[in-house]
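Report on the structure given below.
Along the sequence shown, residues carry numbers from 1.
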Amino acid sequence: MVVHINKNDHSKTRLTNEHLLLLKMIYQLGFVNRHQLHLLWSIVKKQPKEFSHNGLDRWSKTGGLLFQKKYQSQRQMENNNKLPRSVFVCTPAAIELLIASKYISIDDQPTMHAVNLHNELTLQSFIGGLWCAAFIGPYMTDQQITWLYNQPLLSPFSCRRHRHQPSTVQSAPKYQSSFDPAKYNFSSFITQQGVNGKLATQLPFIADLMCSWQQRKNSGNLITNECYIEFDNRSEHAPTTLQKLYNYIMYAIQHPQKDITLHIVCRDRSIFSNLYELVPNMNPFIHLQYILGIMEHYQYFDKEMNEDVFLLAYYERAKNLRIYVSGIEDCYLDIRNHLIMADVHAKTTASAMKWLKDANGTLIDKAQDNETRLYNNDGVIQLNSGYNTLIVGEYNSIDTIESLKFMCEDAAKQKCFWPCVFYQTGIGNKPTIPALLRLFKAHGGIYRPTQPLMVISKLNGVVEYQTAEKKPQPLLL
């Protein structure tokens, strides 16, 4: 236990290791709002729990451990009815305490310096993923899912406006005993890259947020994992986005020993306060289409090959990189899966094979898990040439969308039967997207009879079958 003495009023505050871990998280992230503070405190306490109002007042008073900042966007300033938002930043006294307790080093720098909406939503994406890693297990009961949507202070999923779950029996999710928040480093990108701040301009890119940790994979050697978040509402021109994607891909190619995910996140309708209503929402699926368009149609000059190469071809070389494009709420489980190194493909394949066996016991003899990747790391269960191909997919992964697109193109040319995507999804009800994007409608396959679109295996064990047709057509089994 450590005692902090307030230099202003000489009051004493006793701090446990849990308090120090919370302060470390806040410092490394840069700042947090009140809702994010509750989520982090729940992770530290290993149970959904609010940080006490009295404790926050004591920490944030003059000479305390946290400094309360208030800010408004320009549009909010023009509306006198909108109150400024409060966020909390570590004070110099807290930083000195963390260094003295060896929770951070003197060279550590926070991820976020500027307090603005872009950075706050970036932090929301990551903290929501961190919370899911701590509390979302491999299976969720209906009571636990109901709890997620009815706890406005303790769950990131309660942030959604205009969507309410019916009032039924609720049960809080349990903390995952294997999760250890202390092993994750989410200090600034510059600090983690070991670069002096003055030399930061020499880096090929500076991520909005980076989280890194080391973990053994399949009881083998320690693997360095890096999770990057880029919050983007298409405020940048296509050449800028192209350059940014290229830099991430080349970084992954140059560091094949690292396991890397890049989460391109945009604002959606899940935001937790009507203070944000004046900020326009992005449609995540239009954003996905925009990113795919850049990767498919923009070229980058390769000096070694002395020719222009499509960005998608570069991405195919980076076997250790996965790119996800989603809204804020959808990114939580993608980030969670990487933080706990969940083998989504293996689990989804097992669910898909079980579903096939239950659907038709004789079909399982013809099914096999084809280890040949159709595109990058995406898996395919190929039954045989006379049956539908079943893609083992991840909902927001570019790989899955590209696989579906390529196979739809072949099906439109009658080279194969229409593909089906099997998703091991997460929380709540997903729409029949992304296969309903205009991008795929253009290939003529979406509304054809007998074209299966999506099989969903949820965390609570429920399997649903959806197609683009009003009346679902059977698989060609």
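The backbone N or O of K49 sits less than 3.5 Å from a side-chain atom of S42, completing a donor-acceptor pair. Proximity of a side-chain donor or acceptor of H38 to a complementary backbone N or O of H35 within less than 3.5 Å is not detected. For the pair K46 (side chain) and I43 (backbone), a donor-acceptor distance under 3.5 Å is absent. Side-chain atoms of T111 come within 3.5 Å of backbone N or O of S187 as a donor-acceptor pair. Counting only distance, with no hydrogens or angles, the side chain of E96 and the backbone of A93 share no donor-acceptor pair below 3.5 Å. A donor-acceptor pair under 3.5 Å is absent between the side-chain atoms of Y298 and the main chain of A238, judged by distance alone. A donor-acceptor pair under 3.5 Å links the side-chain atoms of Q192 to the main chain of M210, judged by distance alone. Judged by distance alone, the side chain of N119 and the main-chain N or O of V115 form no donor-acceptor pair under 3.5 Å. With hydrogens and angles ignored, the 3.5 Å screen pairs no side-chain donor or acceptor of Q151 with any backbone N or O of Y149.
Across all their heavy atoms, T191 and D107 have their closest contact at OG1-O, 3.8 Å. For N225 against H338, the heavy-atom pair with the smallest separation is OD1-NE2, 3.4 Å. Between S101 and V2, the shortest heavy-atom distance links the atoms OG-CG2, 4.0 Å. Taking both residues in full, the closest heavy atoms of P156 and G128 are given as CB-CA, 4.1 Å, listed atom of the first, atom of the second, then distance. For the residue pair C227 and W213, the shortest heavy atom distance occurs at CB-CZ3, 4.1 Å. The two residues A252 and L321 come nearest to each other via the heavy atoms CB-CB, 3.7 Å.
Taking the ring centroids of F88 and W59, they lie at or beyond the 6.0 Å cut-off. For Y315 and F310, the ring centers are positioned 6.0 Å apart or more.
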Pair V309, R317 - check side chain to side chain contact (heavy atoms under 4.5 Å, CB included), show working. CA-CA 12 Å; V309 177; R317 299 180 195 172; 4.3 Å; yes
Take L98 and D108 through the test side chain to side chain contact (heavy atoms under 4.5 Å, CB included) and record every step on the way to the result. CA-CA 11 Å; L98 289 171; D108 282 352; over 6 Å; no
Give the intermediate values and the outcome of side chain to side chain donor-acceptor pair (under 3.5 Å) for residues Q299 and Y314. CA-CA 10 Å; Q299 295 176 321; Y314 278 113; over 6 Å; no
Apply side chain to side chain contact (heavy atoms under 4.5 Å, CB included) to the pair L40 and L130, showing each step before the final yes or no. CA-CA 8 Å; L40 291 177; L130 194 69; 4.1 Å; yes
Give the C-alpha distance, both sets of side-chain angles, the deciding distance and a yes or no for side chain to side chain donor-acceptor pair (under 3.5 Å) between E230 and Y228. CA-CA 7 Å; E230 286 288 340; Y228 294 95; over 6 Å; no
Can F31 and F67 be said to form a side chain to side chain contact (heavy atoms under 4.5 Å, CB included), step by step? CA-CA 10 Å; F31 66 89; F67 173 70; over 6 Å; no
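Within the 4.5 Å cutoff, no side-chain heavy atoms of D232 are placed close to those of C266. In this structure, the side chains of L292 and V325 stay at 4.5 Å or more apart for every pair of heavy atoms. Residues C331 and N396 form no side-chain contact, since every pair of their non-hydrogen atoms from C-beta on lies 4.5 Å or further apart. The shortest side-chain heavy-atom distance between Y246 and I294 does not fall under the 4.5 Å cut-off. The side-chain heavy atoms of P181 and M25, taken from C-beta on, include a pair separated by under 4.5 Å. Proximity of I253 to M250: side-chain heavy atoms (C-beta onward) are separated by under 4.5 Å at one or more points. By the 4.5 Å heavy-atom criterion applied to side chains, L123 and Q36 are counted as neighbours. For the pair T241/I264, no side-chain contact is recorded, criterion being any heavy-atom separation below 4.5 Å from C-beta on.
L222 is linked by a side-chain contact (heavy atoms from CB on, under 4.5 Å) to Q214, R216, counting only residues two or more places apart in sequence or in another chain. Here S177 pairs with nothing under the side-chain contact (heavy atoms from CB on, under 4.5 Å) rule; sequence neighbours left out.
Here the CD1-CG distance, from I398 to L312, works out to 8.0 Å after rounding to the nearest 0.5 Å. Rounding to the nearest 0.5 Å gives a distance of 7.5 Å between OH of Y324 and CG of D399. Atoms SG and NZ, on C211 and K183 in that order, are 9.5 Å from each other to the nearest 0.5 Å. Atom-to-atom distance recorded for I136:CD1 and R336:CZ is 7.0 Å, nearest 0.5 angstrom. Annotation: the span from C90 atom SG to I104 atom CD1 amounts to 7.5 Å, rounded to 0.5 Å. The structure places CD1 of I340 at 12.5 Å from CD1 of I335, a figure rounded to the nearest 0.5 Å.
Shown are V32, L154, L22, L56; of these, the side chain to side chain contact (heavy atoms under 4.5 Å, CB included) with W41 is made only by L22.
Every pair passing ring-ring contact (aromatic ring centres under 6.0 Å, His included) that includes a residue from residues 108-138 is listed here, sequence neighbours excluded: H118-F231, F126-F186, W131-F135, F135-Y175.
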